[in-house]
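Read through the structure below, which is laid out as structure tokens, and then see the notes.
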Amino acid sequence: MSQPDTGAPAPKKALEVRCPSCGTMHLYSTENPYRPFCSKGCKAIDLGAWASESYRVEAKPSSEDLLDDPTA
Ligand SMILES: [Zn+2]
């Protein structure tokens with residue numbers, strides 16, 4: 001980490017990636033079971049968001065929503 005930033009590609013070293021969930025830069029390590037996420041929590045958040053999104057798509061709108069449907 002004492003190397004100056006010359007713009008050259010980093011040597012084979014620890015790779016830093018951005019966590020898709022929280023955006024924190026963290027080391028991408030094969031020892032990290034949650035990669036590319038920084039932690040278990042972030043992976044859970046991402047999976048939870050995906051699951052809830054899927055659920056919303058699957059769920060049918062209520063009758064109230066149907067009354068407001070502009071495509072009806
Ligand atoms: Zn994260």
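In each ligand, atom 1 is the first atom listed, and ligand 1 is the first ligand listed. When reading the values below, keep in mind they use all heavy atoms of this one structure, side chains included, and skip hydrogens, waters and symmetry mates.
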Quiz item: Between Phe37 and Cys19, which heavy-atom pair has the shortest distance, and what is it?
Solution: CA-SG, 3.9 Å
Practice problem: Measure the CG-SG distance between Leu27 and Cys38 for me, rounded to the nearest 0.5 Å. | Solution: 11.0 Å
Quiz item: Angle at the Zn ion (ligand 1) between SG of Cys22 and SG of Cys42, to 10°?
Solution: 110°
Quiz item: Would His26 count as a contact for the Zn ion (ligand 1), in the sense that one of its N, O or S atoms lies under 2.8 Å from it?
Solution: no
Quiz prompt | Nearest atoms (heavy-atom pairs only) where Pro36 meets Pro20 | solution = O-CD, 3.4 Å
Exercise. Would you give the angle at the Zn ion (ligand 1) between Cys19 atom SG and Cys38 atom SG, to the nearest 10°?
Key: 120°
Quiz item: Taking the side chain as C-beta and beyond, is there a heavy-atom pair between His26 and Asn32 under 4.5 Å?
Solution: yes
